[in-house]
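Here the structure is laid out as structure tokens; the discussion comes afterwards.
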Amino acid sequence: MQTRSSRFLFSSVLAMTMGSATFALTCYAVLAPDLIAEFRVDRWQIGALVTAMSLGGAVMSPRAGAIADAIGAKRAATTTIALGASALVGLAVAPRYWLIVAAAILGGAAQAMGNPATNKLIALHVPPGKRGVVTGIKQSGVTAASALGGAVLPPVAIVAGWRWAVAVFVLLALAGGVLSLFVPPDPGRVPGMRRQPRERVDPYIVRIALYGFALGGAGTAIFTFLPLFAVESLGMDTPAAGLSVAVLGVAGVIGRIGWARVAELRLGTYRALEYIAALAALTAGLLVVAPTFPWLLWVAAVTTGLSASAWNAVGMLAVIQTATPAQAGRASGVVLLGFLAGLGLGAPAFGYSIDRLGTYRPGWVAAGVLFLVGLGVMRFSPPVKRSPLRTTG
């Protein structure tokens, strides 16, 4: 990590690992109209794909964190990319809906491994004081992939079909796998599995997991159904609706890097998470009135990227600051358990409400309530006090 080129390679691998682990979610959102038409499924079944991936990841997260601690960060990162690419291949070739569900569960394994692997890499190779920006960059891999997917998937799907559109991104994941081979090995490690001594999970980690459950449940509703909302409620065509995800993704890149830096150097992660939840609640309000003022869709896409999509960077920075490097994987797994459980439950519930009620508005209101719950988890719990370099608020 001494030269500029090595730092660039390291940050690129982190971002590509996270993007590969979660890109299937972008496919479900952007290609929702295509999936509904080809497989003749309802909206809640699109949400169920998010459920399969997210709840699969939630169940696997505690074990995935322990595995990352045992096999080392570099191996865990390479494994994450391989699993993510396999999930995309499954989506691209599946002839039946239930096979897409199976591929989504495989994607859940990638989600479960992604943050433990990358958090350990940062804890091992990046000194305190510089971790905020690096954490923001690695978490921005998710939103950068979303932005790219929102811009590229619809036109490629129109020209070559949605399956070939997904296949293009398999190649990008494989490129990330090749780059990961050049990441330096874990300091002082010997090859093979090694069990780490178990430590008590810090109470702040548990609080972040609860916060993640609330923001995950509400945030996935916006991310998964924003393009479909633009088509069905605002009258946009599919490419324009896909651009809403691209805008969200670009804002998410900015939000993740910016919030992580501000949290490390100024606010602390505790206060930053409060502000993020408040901004997310405002976003839900914008979507409630968007059918009357359609231009608010673009504002909401930006504020979603700066809030519900950005909290991960601050949450994972808190994990890196709070846990020891040896236990960073397990602590990441605890946070992911809460977050992915929220992701898994939020999307199908939102889709079901649309199918039953014929409108998106009650779902947006419910999302706003969940964001306020996340705010309450931080606002009405006493902050955890730490030393300056390991502060969480």
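These values consider heavy atoms only, across backbone and side chains, with no hydrogens, waters or symmetry-generated copies.
- For the pair A94 and I100, the tightest heavy-atom approach, listed with the atom from each and the gap, is CB-CG1, 3.6 Å.
- The neighbour count for F39 CZ, taken as heavy atoms of other residues, nucleotides or ligands under 6.0 Å away, is above 12.
- How far CG of L287 is from OG1 of T304: 6.0 Å, rounded to the nearest 0.5 Å.
- With T220 contributing its side chain and G217 its backbone, the two residues share no donor-acceptor pair below 3.5 Å.
- Residues I208 and M378 have side chains in contact (heavy-atom distance under 4.5 Å, counting atoms from C-beta outward).
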Intermediate values then yes/no, side-chain hydrogen bond (donor to acceptor under 3.5 Å, both in side chains), T118 and T17: CA-CA 8 Å; T118 52; T17 300; over 6 Å; no

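- Distance check: M316 CE to M18 CE gives 7.0 Å after rounding to the nearest 0.5 Å.
- Between the side chains of S180 and T78, at least one donor N or O lies within less than 3.5 Å of an accepting N or O.
- In terms of heavy atoms, L340 sits closest to G57 at CD1-C, 3.4 Å.
- Between the side chains of E38 and Y97, no donor-acceptor pair is found at a separation under 3.5 Å.
- In terms of heavy atoms, A308 sits closest to A280 at N-CB, 4.2 Å.
- D42 places no side-chain N or O within 3.5 Å of a backbone atom of Q45 that could act as its donor or acceptor partner.
- At a threshold of 4.5 Å between non-hydrogen side-chain atoms, the residues V365 and V288 count as touching.
- In this model, no donor atom of one side chain and acceptor atom of the other lie less than 3.5 Å apart for Y275 and S307.
- The aromatic rings of F350 and W364 sit tilted, their planes meeting at an angle between 30° and 60°.
- A donor-acceptor contact shorter than 3.5 Å links the side chain of R163 to the backbone of A92.
- Scanning all heavy atoms of the two residues, the minimum distance from L306 to W259 falls at O-NE1, 2.7 Å.
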Just do the ring-ring contact (aromatic ring centres under 6.0 Å, His included) check on F339 and F213 with the steps written out, would you? CA-CA 4 Å; F339 174 56; F213 177 85; over 10 Å; no

